[in-house]
Amino acid sequence: LKKVSVQLKERSYNILIGAGLIQESGRLLKRLGLCGAAVVITNKRLLHLYGKPLGTSLRKHGFGLRFITVPDSERAKSSGVATGILNKIASADHGGSVFLVALGGGVVGDLTGFIASIYKRGVPYVQIPTTLLAQVDSSIGGKTAIDLPSAKNLAGSFYQPKIVISDVSVLKSLPKRRLISAMAEIIKYGIIKDRKLFEYIETNCSKIQRGHKLALEHVITEASRIKAGIVSKDERDNKGLRIILNYGHTAGHAIEAASSYAGKYDHGESVSVGMLIAVDIAREMHIINLRDAGKMAALIKKCGLPSKVKGISLAKVYSSLLHDKKFTGGRNRFVLPVGIGKIKVVEGVPVNIIKQAISGHIA
Ligand SMILES: NC(=O)c1ccc[n+]([C@@H]2O[C@H](COP(=O)([O-])OP(=O)(O)OC[C@H]3O[C@@H](n4cnc5c(N)ncnc54)[C@H](O)[C@@H]3O)[C@@H](O)[C@H]2O)c1
Ligand SMILES: [Zn+2]
């Protein structure tokens, strides 16, 4: 069992990482001082896979229990689904204490955190992330959201969970493509802050892909430590420190958006190509150590992540890029790598350099 803490004064909390933690959740929540009824928000697939061990553990420690299931996709992050859940919680609420439990990936986590932040102006909630992406990213930091028809994540709040329980055992049921794609985010953490983590992935990439529990536990712990450290210094994303977490995401989001109809490249895969586009921009601007640049490209390949996208036009990617909020005000802003473990925020990258870097990654 590993522990990382997010330091935010009275809103501080721990992230626990280990195998078999779901079975321990009742005891862990009791120890935190939570009481009353647990409303677990999840989807049918996860209810079927992990509802029983979670429910048994919660009941054993005296918690009331109710499961609410939501659709299994981004569709669940909607105002309609959120209102439906609020009404369900309210109709079963007879005045005792209630807290929410998010059992699922980033979709369930973002939605549950959002509902917890507004029901009765805030009830406690707990994150039990079940995807590798949610364990290393979305469950940490208290950004909650639902989507509106005009944009993703447009309505939301900053609302920290009471604890994050990352049970690495649940990753065994995750499709391999999702496990690999979330590795892009872990490589990202290595590049922005931690050469040791980067080198660990270089050595243990195939172990991680095979679901080796100790290797997963190690990378999830190190990734969580980095995100927790940044969030602890910039809780509400208004000091400019969280921007480094966007490494690879500027071009990445544009690729994701440009391929969104085909659903061809998911978030992690798009970020993987986005990171390599940033490497090429950095190379063109002479700010990157070339040996490290080579290692970055090699690691992405080794992990089975894409370095190029197919079937998407430069024009489409570039126009999505112009809609990025980091591009408002005319001056663009990129997080660029200087070397493994070190990045730099650069403003006003020449358009021809950006376009050239993007087209180099379109097959
Ligand atoms: N709040 C934040 O800081 C933050 C950060 C990054 C991403 N996000 C959000 O996270 C969401 C994406 O999260 P995601 O990638 O986890 O996707 P997801 O929540 O949609 O889950 C992906 C799929 O995997 C399934 N699944 C989940 N756990 C499983 C398991 N253990 N075994 C088998 N199947 C499982 C789910 O049912 C779903 O079909 C997006 O909505 C994004 O906006 C939020
Ligand atoms: Zn991301």
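If you read the sequence from its start, that first residue is 1, and numbering goes on from there. One-based numbering, in listed order, for ligands and for the atoms of each. Hydrogens, waters and symmetry mates are skipped; everything else that's a heavy atom, side chains included, is used.
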Donor-acceptor contacts, no H, no angles, side chain residues 276-284, under 3.5 Å, sequence neighbours left out:
unit_1, atom_1, unit_2, atom_2, d
Asp280, OD2, His361, NE2, 2.7

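With a 4.0 Å heavy-atom cut-off, ligand 1 is reached by the side chain of Glu74 but not by its N, CA, C or O. Only the side chain of Asn153 comes within 4.0 Å of ligand 1, counting heavy atoms alone; its backbone N, CA, C and O stay farther away. Contact annotation: for Lys44 versus ligand 1, there are no heavy atoms closer than 4.0 Å. Contacts between Leu174 and ligand 1, counted as non-hydrogen atom pairs separated by less than 4.0 Å, involve both the backbone and the side chain. Of the heavy atoms in Thr130, both backbone and side-chain atoms come closer than 4.0 Å to ligand 1. Proximity of Thr144 to ligand 1, defined as any heavy-atom pair under 4.0 Å, is not found for any part of the residue.
From the protein, the heavy atom lying nearest to atom 14 (P) of ligand 1 is Gly106 N, 3.6 Å. Shortest contact from atom 33 (C) of ligand 1 to any protein heavy atom: Ser173 O, 3.1 Å. The shortest contact between atom 36 (C) of ligand 1 and any protein heavy atom is with Asp72 OD1, 3.4 Å. At the top of the distance list for atom 12 (C) of ligand 1, counting protein heavy atoms only, stands Leu133 CD2, 3.9 Å. If you check which protein heavy atom lies closest to atom 9 (C) of ligand 1, you get Asp110 OD2, 3.4 Å. The protein atom (non-hydrogen) at minimum distance from atom 18 (P) of ligand 1 is Val107 CG2, 3.9 Å.
With sequence neighbours left out, Tyr125 forms a ring-ring contact (aromatic ring centres under 6.0 Å, His included) with Tyr159.
None of Glu10, Gln127, Lys143, Glu235 except one satisfies the side chain to side chain donor-acceptor pair (under 3.5 Å) rule with Gln160; the exception is Glu235. Under the side-chain contact (heavy atoms from CB on, under 4.5 Å) rule, Val123 has a single partner from Asp93, Ile118, Val98, which is Val98.
The pair Lys213-Glu217 does not count as a salt bridge, with every side-chain nitrogen at least 4.0 angstrom from each carboxylate oxygen. Salt-bridge formation is not detected for the pair Arg242/Asp234: no Lys NZ or Arg NE/NH1/NH2 atom is positioned less than 4.0 Å from an Asp or Glu carboxylate oxygen. Salt bridge present: Asp72 and Arg45 bring a charged side-chain N and a carboxylate O closer than 4.0 Å. A salt bridge is defined here as a Lys NZ or Arg NE, NH1 or NH2 lying under 4.0 Å from an Asp or Glu carboxylate O, and Asp147 with Arg75 fails to meet this definition.
At least one N or O atom of Val170 sits closer than 3.5 Å to an N or O atom of ligand 1. Note: an N/O pair closer than 3.5 Å links Lys143 and ligand 1 by distance alone.
Phe63 has its ring centre less than 6.0 Å from the ring centre of Phe99.
As a member of the Ile/Leu/Val/Met/Phe/Trp/Tyr network built from side-chain separations under 4.5 Å, Leu148 groups with Leu154.
Protein atoms that are N, O or S and lie under 2.8 Å from the Zn ion (ligand 2) are these: Glu185 OE2, His249 NE2, His267 NE2.
Under a 3.5 Å cut-off, the side chain of Lys227 and the backbone N or O of Asp137 do form a donor-acceptor pair. Between the Asp167 side chain and the Ile22 main chain, a donor and an acceptor come within less than 3.5 Å of each other.
At least one heavy atom of Lys152 sits closer than 4.0 Å to an atom of ligand 1. Under the 4.0 angstrom criterion for non-hydrogen atoms, Lys227 is in contact with ligand 1.
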